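Input: a single structure, listed below in structure tokens.
Computed from a predicted model, the values in this text were never measured in an experiment. Below, each value reflects all heavy atoms present in this structure, side chains not excepted, and no hydrogens, waters or symmetry copies. Convention: sequence-line order gives letters A, B, ...; per-chain numbering from 1.
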2 protein chains.
Amino acid sequence: MRLISQGAQYAISAIIAISKHAEDGAVSASYLSKSLNCPTAYLSQILAKLKKPGILKSQRGLNGGVYLSKDIDSITMMDVIAAIDGTEFFDKCFMGIEGCGHIEPCPFHHFWSVERKKIQRWLESTTFAEVDEKMTQAWFDLRLQFSSGVPSLSR
Amino acid sequence: MRLISQGAQYAISAIIAISKHAEDGAVSASYLSKSLNCPTAYLSQILAKLKKPGILKSQRGLNGGVYLSKDIDSITMMDVIAAIDGTEFFDKCFMGIEGCGHIEPCPFHHFWSVERKKIQRWLESTTFAEVDEKMTQAWFDLRLQFSSGVPSLSR
DNA sequence: TTAAAATCTAATATCAATATTAGATTTTAA
DNA sequence: TTAAAATCTAATATTGATATTAGATTTTAA
């Protein structure tokens, strides 16, 4: 029972970390994976999926890495989740029943179609810029495994 | 991206089907699996998990099967989901972060803790008796693969 | 008494998500 | 020119959820 995949969780944290280094140019997957405490090669695969929808761009070679390809106030939570997990969840019945709908609702349909829509709207309307504003520095320290503040890239 | 497991989905449909035969005594897993269009042996394992928390009892041998061990107005959706999937989901951060909480919230914490609680309360307060009342016969036909009405056990 | 119909359990198989490994390619500082 | 640091890709490994298989046990109608 889980809403978004591990991969989508990594992706969200990665974008927050990348946005913290927007001024510094490209950020490497190995640096990010250390910060997020996740496998480097796996993160690379996740980051690759964020390139297709135009969330990230990448630069090969020494001092290369990934960087945001648009402003954080135009990247929504849904953009990232959709890129990694797809959007099937938001079309799908709680019970996974094909014919479920307004006319032949499953036991969860009336409740779940309302709640799911709320979640969808929130994810679609919440950008990483808002997240940056609202979140405490303490959380960054916690999630990004830094001792304090935003670290230098040290490379 | 999915809320409840396939197993929990089977369990919920199974209980609805079993409740339709409350008068007939035990209902066999093979009969149920045909109705639900799911693997018999797998369903048996799911049904076994519903015995421990006292939702079902079983009868071995010819004409045996499972039957509800309490009234459907005292079995909630959460009872069944918890028996199959556990309740970890309802304690867990959207991002899967250990230290996430009121003091050091993740980007989703404020939104998600409210929405998740709504889902939890609904699942905890909705019984199978209500489901029975509210659901259309059409849905039963759809989900339970019956041509019309509640079929005889034909055994 | 026996055969059939059922549960129950343990072992195994399959599949998708997650993760790792290996190595090819690109870029750039020295 | 070259070595290092990076992306990129494909192949493989691991893990947990899902599903299957096999067979032991229980019950009862005939």
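Heavy atoms from other residues, nucleotides or ligands lying under 6.0 Å from NZ of Lys118(A) number more than 12. More than 12 heavy atoms of other residues, nucleotides or ligands lie within 6.0 Å of NZ in Lys70(A), so this atom counts as buried by the packing criterion.
Close to dA19(C), at under 4.0 Å from its OP1 or OP2, lies a side-chain N or O of Tyr10(A). Between dC8(C) and Lys51(B), a contact under 4.0 Å exists linking OP1 or OP2 to a side-chain N or O.
Candidate nucleotides dT18(C), dT21(D), dT7(D) were compared by shortest atom distance to the side chain of Ala41(B), and dT21(D) ranks first. Set against dT18(D), dT20(C), dT27(C), the side chain of Ser5(B) has dT18(D) as its closest nucleotide.
Leu32(B) places its CG atom 8 Å from the P atom of dT7(C), with the value rounded to the nearest Å. Across the protein-nucleic acid pair, Leu62(A) atom CG and dA5(D) atom C1' stand 5 Å apart, rounded to whole Å. Between the CD1 atom of Ile46(B) and the P atom of dA17(D) there is a distance of 11 Å, given to the nearest Å. One can place NZ of Lys49(A) at 14 Å from P of dA10(D), the figure rounded to the nearest angstrom. Leu43(B) has its CG atom 12 Å from the P atom of dT20(D), to the nearest Å. Atom pair Gln59(B):CD and dT27(D):P shows a separation of 7 Å (rounding to whole Å applied). Whole-Å rounding puts the Tyr42(A) OH to dT14(D) C1' distance at 12 Å. For Ile4(A) and dT18(C), the CD1 to P distance is 10 Å, given to the nearest whole Å.
The residue among Gly7(A) and Gly61(B) whose nearest nucleotide of DNA chain C lies closer to the 5′ end is Gly61(B). Residues Gln45(A) and Gly65(A) each lie close to DNA chain D; by heavy-atom proximity, the contact nearer the 5' end of the strand is made by Gly65(A).
Between Tyr31(A) and His21(A), the gap from one ring centroid to the other is short of 6.0 Å.
Nucleic acid contact class of Lys57(A) (heavy atoms, under 4.0 Å, all strands): none. Among the heavy atoms of the strands lying under 4.0 Å from Ser58(A) are primed sugar atoms or P, OP1, OP2 only; no base atom is included. Among the heavy atoms of the strands lying under 4.0 Å from Ala29(B) are primed sugar atoms or P, OP1, OP2 only; no base atom is included.
For the pair Ile72(B) and Thr127(B), the minimum side-chain heavy-atom distance is 4.5 Å or more. You'll find the side chain of Pro105(A) stays beyond 4.5 Å of the side chain of Trp112(A), heavy atoms only.
Aromatic ring orientation, Trp122(B) versus Phe108(A): tilted (interplanar angle from 30° to 60°).
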>> Under the criterion side chain to side chain donor-acceptor pair (under 3.5 Å), I'd like the reasoning laid out for Asp79(B) against Thr76(B): C-alpha separation, chi angles, the key distance, then a yes or no.
In response: CA-CA 5 Å; Asp79(B) 291 335; Thr76(B) 69; 3.2 Å; yes

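For the strand DNA chain D, secondary-structure stems (runs of at least three Watson-Crick or G-U pairs, all distances below 3.5 Å) span C:1-30 with D:1-30.
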